[in-house]
Novice: 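Once you've had a glance at the structure underneath, I'll fire off some questions.
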Amino acid sequence: MAENRPTPPDVDRVAASRAAVAARRARAAVKSQIAQGKRSALDVLSAATESPDGVEGRLRVTEFLISIPAIGVTKMHRIMGRLEISPSKRLGGLGKHQRDRLRDFLTTRTVARRGDSSAKLVVLAGPTAVGKGTVAAHIRQHHPGVHLSVSATTRAPRPGETAGVSYFFVDDAEFDRMVAAGDLLEWATVHNAHRYGTPRGPVTEALNEGHSVLLEIDIQGARAVRRAMPEARLVFLLPPSWDELVRRLIGRDTEAPAEQARRLETAKLELAAQGEFDYRVVNHDVGEAAREVVDLMNLRTAPLLP
Ligand SMILES: Nc1ncnc2c1ncn2[C@@H]1O[C@H](COP(=O)(O)OP(=O)(O)OP(=O)(O)O)[C@@H](O)[C@H]1O
Ligand SMILES: Nc1nc2c(ncn2[C@@H]2O[C@H](COP(=O)(O)O)[C@@H](O)[C@H]2O)c(=O)[nH]1
């Protein structure tokens with residue numbers, strides 16, 4: 001009889017295995033809440049962030065994604081690759097940038113799937129001097145329903161530009177801080193000169209509140225948004241011709257000749273990237289181009305690229 005009594009190590013093992021079973025059941029319950037729509041994936045991610053060793057924090061990212069309706073194994077692997085998260089990671093073990101990418105992905109997916117046709121993330125990009133800023137300013141003035149993201153930049157203000165409206169003008173140290181804190185949805189060094197970035201918070205907040213958001217950014221930024229938020233619509237603004245683009249750049253008279261030449265070199269590469277975009281809009285007339293872009297925010301009239 002005495003030799004059948006559990007020894008202390010046996011008792012520990014039994015307790016550990018009971019705890020493991022209970023933890024597995026708790027994780028299965030969370031997954032089924034997500035699958036049945038009783039709990040949002042964003043809510044589970046927030047709980048995992050707050051308490052990395054809690055039930056949600058112990059969920060593997062792979063099982064978390066698969067429990068989301070309409071995400072199967074193939075799609076899950078594609079998403080993991082795009083978000084650059086290794087399959088062994090648990091929600092609570094994600095680095096800040098990985099967590100930000102996952103949250104951005106879930107936010108745009110949620111907005112897109114709730115069928116709110118008025119809430120779209122649209123990226124307007126195109127070569128230098130094509131008129132992105134002019135078209136964006138026209139949209140700000142005539143289409144108040146569109147939320148225009150205000151970028152941060154390390155370049156100095158130009159005459160007529162207003163801090164907090166045209167850009168948030170910051171120094172290098174502040175830009176470094178924003179990058180390190182994960183405050184930027186994307187950022188890039190543009191024309192080999194200054195850094196520009198999209199503040200993350202206002203974009204996700206506006207989308208969650210059901211507003212359309214327009215980002216007027218360069219092509220590197222557009223590519224980064226596509227990676228972070230695949231539901232975003234990418235619009236490429238084209239000049240009526242190369243000569244007109246050159247005329248606009250020189251006519252704007254905001255860059256010295258050397259900088260103009262550098263921007264035109266970049267413009268050739270940027271024009272070659274137009275095929276990566278979902279839509280193209282030719283900027284013959286500012287009002288018409290602005291209307292086309294706004295139409296695209298509701299995905300109504302403009303044709304999809306082949
Ligand atoms: N449809 C248009 N017809 C004629 N001129 C235009 C048109 N759109 C913009 N412009 C002019 O072209 C010049 C460049 O426009 P803008 O500064 O908006 O370009 P951008 O694409 O924002 O440039 P960058 O990327 O270098 O900041 C400006 O002088 C602007 O007034
Ligand atoms: N990647 C990003 N590019 C941005 C952002 N904000 C603006 N831009 C682009 O920078 C160039 C130059 O702008 P300028 O005002 O100095 O002429 C232009 O192509 C903008 O679209 C941003 O947040 N991210």
Novice: Who else is in the cluster with Val21 when I, L, V, M, F, W and Y are joined by side-chain contacts under 4.5 Å?
Specialist: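 Noted: Val21 shares its cluster with no other residue.
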
Novice: So do Tyr279 and Val293 actually touch side chain to side chain, heavy atoms under 4.5 Å?
Specialist: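 No - every pair of side-chain heavy atoms lies 4.5 Å or more apart.
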
Novice: Report the residues that fulfil side chain to side chain contact (heavy atoms under 4.5 Å, CB included) with Pro202, sequence neighbours left out, ordered by chain and then residue number.
Specialist: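 Pro202 satisfies side chain to side chain contact (heavy atoms under 4.5 Å, CB included) with His147, Pro199 once adjacent residues are dropped.
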
Novice: To the closest 0.5 Å, what do you measure between CG (Leu83) and CZ (Arg101)?
Specialist: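 Reported value, rounded in 0.5 Å steps: 6.5 Å.
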
Novice: Less than 3.5 Å apart, which donor and acceptor atoms pair up between the side chains of residues 238-246 and the rest of the protein, not counting sequence neighbours?
Specialist:
unit_1 : atom_1 : unit_2 : atom_2 : d
Ser241 : OG     : Glu244 : N      : 3.1
Glu244 : OE1    : Arg247 : NE     : 3.0
Glu244 : OE1    : Arg247 : NH2    : 3.2
Glu244 : OE2    : Arg248 : NE     : 2.8
Glu244 : OE2    : Arg248 : NH2    : 3.4

Novice: Report yes if some heavy atom in the side chain of Leu296 is under 4.5 Å from a heavy atom in the side chain of Val281; otherwise report no.
Specialist: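 Sidechains of Val281 and Leu296: in contact.
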
Novice: Got a sec, which residues hit side chain to side chain contact (heavy atoms under 4.5 Å, CB included) with Ala222, two or more places apart in sequence or on another chain?
Specialist: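 Partners of Ala222 under the side chain to side chain contact (heavy atoms under 4.5 Å, CB included) test: Val123, Ala125, Leu234, Phe277.
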
Novice: Is the shortest distance from a Lys or Arg side-chain nitrogen in Asp278 or Arg226 to a carboxylate oxygen in the other one below 4.0 Å?
Specialist: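 Result for this pair is yes, salt bridge flagged.
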
Novice: Please tabulate, for side-chain N and O atoms in residues 181-189, each donor-acceptor pair with protein atoms closer than 3.5 Å (sequence neighbours left out).
Specialist:
unit_1 : atom_1 : unit_2 : atom_2 : d
Glu186 : OE2    : Thr198 : N      : 3.4
Glu186 : OE2    : Thr198 : OG1    : 2.5

Novice: Measuring from Ile79:CD1 to Thr62:OG1, what's the distance to the nearest 0.5 Å?
Specialist: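 Answer for the CD1-OG1 pair, Ile79 versus Thr62, is 11.5 Å.
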
Novice: Tell me, please, which residues at least two apart from Glu255 pass side chain to side chain donor-acceptor pair (under 3.5 Å).
Specialist: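 Glu255: side chain to side chain donor-acceptor pair (under 3.5 Å) contacts with Arg158, Arg252.
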
Novice: Could you tell me if the side chain of Phe64 sits less than 4.5 Å from the side chain of Val30, heavy atoms only?
Specialist: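 No, every pair of side-chain atoms sits at 4.5 Å or beyond.
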
Novice: Quick one: ring-ring contact (aromatic ring centres under 6.0 Å, His included) partners of His138, sequence neighbours excluded?
Specialist: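 With neighbours one apart ignored, the set is His142.
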
Novice: Looking only at atom types and distance, does a side-chain atom of Asn283 sit under 3.5 Å from a main-chain N or O of Val130, one as donor and one as acceptor?
Specialist: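 Side chain of Asn283 to backbone of Val130, a donor-acceptor pair under 3.5 Å: yes, one is there.
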
Novice: Quick one: which residue pairs count as a salt bridge (charged side-chain N to carboxylate O under 4.0 Å, His left out) with a foot in residues 141-157, not counting sequence neighbours?
Specialist: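 Those involving residues 141-157 are Arg155-Glu161.
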
Novice: Please round to the nearest 0.5 Å and tell me the distance separating atom CE of Met76 and atom CD1 of Ile68.
Specialist: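 The distance works out to 11.0 Å.
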
Novice: Starting at CZ of Arg263, measure out to OG1 of Thr254 and round the result to the nearest 0.5 Å.
Specialist: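 Those atoms lie 6.5 Å apart.
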
Novice: For residues 34-51, which side-chain N or O atoms pair as donor and acceptor with protein atoms under 3.5 Å away, sequence neighbours left out?
Specialist:
unit_1 : atom_1 : unit_2 : atom_2 : d
Gln36  : OE1    : Lys38  : NZ     : 2.8
Gln36  : NE2    : Ser32  : OG     : 3.4
Arg39  : NE     : Asp43  : OD2    : 2.7
Arg39  : NH1    : Glu56  : OE2    : 3.0
Arg39  : NH2    : Glu56  : OE2    : 2.9
Ser40  : OG     : Asp43  : N      : 3.0
Ser46  : OG     : Leu42  : O      : 3.0
Thr49  : OG1    : Leu45  : O      : 2.7
Ser51  : OG     : Gly54  : N      : 3.4

Novice: Once you round to the nearest 0.5 Å, how far does CG of Leu102 lie from CG of Leu91?
Specialist: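 If I round to the nearest 0.5 Å, the distance is 7.0 Å.
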
Novice: Is a donor from one side chain sitting under 3.5 angstrom from an acceptor on the other, for Ser151 and Thr153?
Specialist: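 There is no such pair (donor and acceptor under 3.5 Å, judged by atom type) between the side chains of Ser151 and Thr153.
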
Novice: Measure the CD-CD distance between Glu270 and Glu276 for me, rounded to the nearest 0.5 Å.
Specialist: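 Going from CD on Glu270 over to CD on Glu276, the span is 11.0 Å.
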
Novice: Is there a donor-acceptor contact under 3.5 Å from the side chain of Glu259 to the main chain of Ala256?
Specialist: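 Side chain of Glu259 to backbone of Ala256, a donor-acceptor pair under 3.5 Å: no, none is there.
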
Novice: List the residues meeting side chain to side chain contact (heavy atoms under 4.5 Å, CB included) with Arg27, not counting sequence neighbours, and say none if there are none.
Specialist: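 Listed in chain order: Ala23, Arg24, Val55, Arg58, Leu59, Glu63.
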
Novice: Please find the pair of heavy atoms, one from Thr128 and one from Ala267, that lie closest to each other, and give the distance.
Specialist: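 Looking at all heavy atoms of both residues, the shortest contact is CG2-CB, 4.1 Å.
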
Novice: Pro230: what forms a side chain to side chain contact (heavy atoms under 4.5 Å, CB included) with it, not counting sequence neighbours?
Specialist: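 Checked Pro230 against side chain to side chain contact (heavy atoms under 4.5 Å, CB included); matches are Arg82, Phe105.
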
Novice: Determine, for Asp100 against Arg103, whether the closest basic-nitrogen to carboxylate-oxygen distance falls under 4.0 angstrom.
Specialist: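 Between Arg103 and Asp100 there is a salt bridge, with a charged N closer than 4.0 Å to a carboxylate O.
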
Novice: Is a side-chain donor or acceptor of Lys132 paired with a backbone partner of Ala136 at a separation under 3.5 angstrom?
Specialist: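 No; judged by distance alone, with no hydrogens or angles, the pair does not exist.
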
Novice: Extract all donor-acceptor atom pairs below 3.5 Å that involve side chains of residues 164-178 and protein atoms in other chains or at least two apart in sequence.
Specialist:
unit_1 : atom_1 : unit_2 : atom_2 : d
Ser166 : OG     : Thr162 : N      : 2.8
Ser166 : OG     : Thr162 : O      : 3.2
Asp171 : OD1    : Ala173 : N      : 3.4
Asp171 : OD1    : Glu174 : N      : 2.9
Asp172 : OD1    : Arg195 : NH2    : 3.0
Glu174 : OE1    : Arg177 : NE     : 3.1
Glu174 : OE2    : Arg177 : NH2    : 3.2
Asp176 : OD1    : Arg195 : NH1    : 2.9
Asp176 : OD1    : Arg195 : NH2    : 3.1

Novice: Any chance you could lay out the side-chain contact (heavy atoms from CB on, under 4.5 Å) test for Glu216 and Leu237, step after step, and finish with the verdict?
Specialist: CA-CA 10 Å; Glu216 187 251 294; Leu237 197 62; over 6 Å; no

